[in-house]
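This report refers to the structure that appears directly beneath it.
Bear in mind the structure is a predicted one, so any value in this text is a computation, not a measurement. In this chain, residues are counted from 1 in sequence order.
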Amino acid sequence: MKTKNISTKTLLLYNLSQSEIENPKVILKDFCLHDHLPAQLEQLKYWRNLLLTNKTYRRRNCPSDLFLQYRMTIKLLEAAWLLREKSTPNNFNLDESEKALREGFLNKEQQEIKFYPTVLSMEELWNPGILFSKLFKQYKLTDYRRILQYWMSEALSPFCNDELLMKDEIIIVYENLQKLYEASWLIYERSCRTKEIQN
């Protein structure tokens, strides 16, 4: 009997289908089509607050909402992990005229996009793809998966385990996920605008 070789990449991406692994930007699209950015960020904030205040999830008495948020976030992290190698770093050694041109472009874009990111740096706004590699400098994909699994079980549990939940870790991961949501939204919005221009 032949044994099938399973790549390390496939093991790390066990929440994505083969077609999603081949085209991870479809995950960004699915995430953005599920709900608008402010609602996604509000749900993430609510989840964070549950952990910080030791409360149990009660929104609309439907734990499946939290589970869906968890699943979408894990898939978004896996897509970001795949896309991290495709992003090229910005050249921020620009002269004043180049900086002014970039700022002008971003200001104009901010007027045109309904839900414009608020927590991304200027560098990340210019090239949101660089955030994908930044995300995995402090935590690995497996770390995020472990942390979010724990977050979900804690948020749904009527019992709290203060020793295991470190508040600084909650804040750091929360801020990273905020940026991930915003970068994904900006990449999706820009791809939609590019398609409109091409048509």
Side-chain angles (χ1 to χ4, degrees), residues 6 8-84 115 117-119 128 131-132 134-136 138-189:
I6 299 172
T8 306
K9 184 188 247 185
T10 305
L11 287 173
L12 284 170
L13 302 170
Y14 61 75
N15 291 288
L16 301 185
S17 68
Q18 186 60 41
S19 63
E20 290 168 338
I21 290 171
E22 291 166 7
N23 182 15
K25 284 195 175 178
V26 76
I27 299 297
L28 278 60
K29 179 182 176 184
D30 291 347
F31 178 81
C32 295
L33 291 177
H34 174 72
D35 210 342
H36 61 284
L37 181 62
Q40 299 277 21
L41 290 170
E42 185 59 37
Q43 177 74 356
L44 180 64
K45 185 177 179 181
Y46 178 75
W47 191 6
R48 179 209 62 189
N49 289 344
L50 285 175
L51 301 166
L52 292 174
T53 59
N54 301 331
K55 292 184 180 171
T56 305
Y57 187 79
R58 296 198 195 288
R59 182 177 281 182
R60 294 185 302 242
N61 296 319
C62 187
S64 64
D65 290 345
L66 183 62
F67 182 71
L68 179 61
Q69 186 80 19
Y70 160 77
R71 288 279 298 153
M72 286 190 308
T73 303
I74 288 291
K75 289 181 86 162
L76 204 55
L77 280 162
E78 290 181 357
W81 188 83
L82 284 171
L83 292 167
R84 79 193 190 292
F115 305 114
T118 58
V119 297
L131 178 72
F132 298 151
K134 285 182 178 181
L135 280 173
F136 300 103
Q138 189 167 12
Y139 295 106
K140 296 176 183 173
L141 178 58
T142 52
D143 295 330
Y144 280 112
R145 190 179 287 125
R146 176 188 50 78
I147 290 165
L148 292 180
Q149 255 182 338
Y150 187 74
W151 280 23
M152 191 180 66
S153 64
E154 277 300 300
L156 294 176
S157 172
F159 308 104
C160 178
N161 192 347
D162 283 330
E163 293 93 44
L164 293 174
L165 276 177
M166 297 187 313
K167 301 221 184 300
D168 57 339
E169 183 180 81
I170 293 171
I171 299 300
I172 291 166
V173 172
Y174 167 73
E175 289 173 351
N176 287 351
L177 294 178
Q178 265 186 309
K179 286 190 163 211
L180 173 64
Y181 284 18
E182 288 195 352
S184 300
W185 184 266
L186 188 54
I187 289 167
Y188 172 71
E189 283 290 325

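Looking at heavy atoms from C-beta onward, I170 lies in side-chain contact with W151 at the 4.5 angstrom threshold. Residues L82 and L16 form a side-chain contact, since some pair of their non-hydrogen atoms from C-beta on lies under 4.5 Å apart. With a 4.5 Å cut-off on side-chain heavy atoms, L186 and E182 do not count as touching. For the pair M72 and Q40, the minimum side-chain heavy-atom distance is below 4.5 Å. Side-chain atoms of S19 and V26, non-hydrogen and from C-beta on, never get closer than 4.5 Å to each other. A heavy-atom distance below 4.5 Å is found between the side chains of Y70 and I74. Using a 4.5 Å cut-off on side-chain heavy atoms (C-beta onward), K45 and R48 make contact. Under the 4.5 Å side-chain criterion, counting only non-hydrogen atoms from C-beta, V119 is not in contact with L41.
A salt bridge (Lys or Arg N to Asp or Glu O under 4.0 Å) with E78 holds for exactly one of K140, R71, R84, R145; it is R145. Partner H36 forms a ring pair (Phe, Tyr, Trp, His ring centres under 6.0 Å) with one of F31, F115, Y188, Y181 and no other, that one being F115.
Summarising the geometry, atom NZ belonging to K75 is positioned 12.5 Å from atom CG belonging to L77; distances are rounded to the nearest 0.5 Å. Of the inter-residue distances, the one linking Q178 atom CD with I171 atom CD1 reads 9.5 Å to the nearest 0.5 angstrom. Taking CG of L141 as the reference point, atom OH of Y144 lies at 9.5 Å (rounded to 0.5 Å). I27 contributes atom CD1, which lies 11.5 Å from atom SG of C32 (distance to the nearest 0.5 angstrom). Summarising the geometry, atom CG belonging to L44 is positioned 10.5 Å from atom CD belonging to E175; distances are rounded to the nearest 0.5 Å. Atom CG of residue L76 and atom CG of residue N15 lie 12.0 Å apart, to the nearest 0.5 angstrom.
Side-chain atoms of Y139 never come within 3.5 Å of backbone atoms of I172 as a donor-acceptor pair (strictly under, hydrogens ignored).
The two atoms that bring A79 and P24 nearest to each other are CB-O, 3.6 Å, heavy atoms only.
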Could you check Y46 against N49 for side-chain contact (heavy atoms from CB on, under 4.5 Å), going step by step and ending with a plain yes or no?
CA-CA 5 Å; Y46 178 75; N49 289 344; 5.7 Å; no
Verdict with reasoning, I187 to L83, per side-chain contact (heavy atoms from CB on, under 4.5 Å):
CA-CA 12 Å; I187 289 167; L83 292 167; 6.0 Å; no
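Applying the salt bridge (Lys or Arg N to Asp or Glu O under 4.0 Å) test to pairs two or more places apart or on separate chains, none has a residue in residues 25-36.
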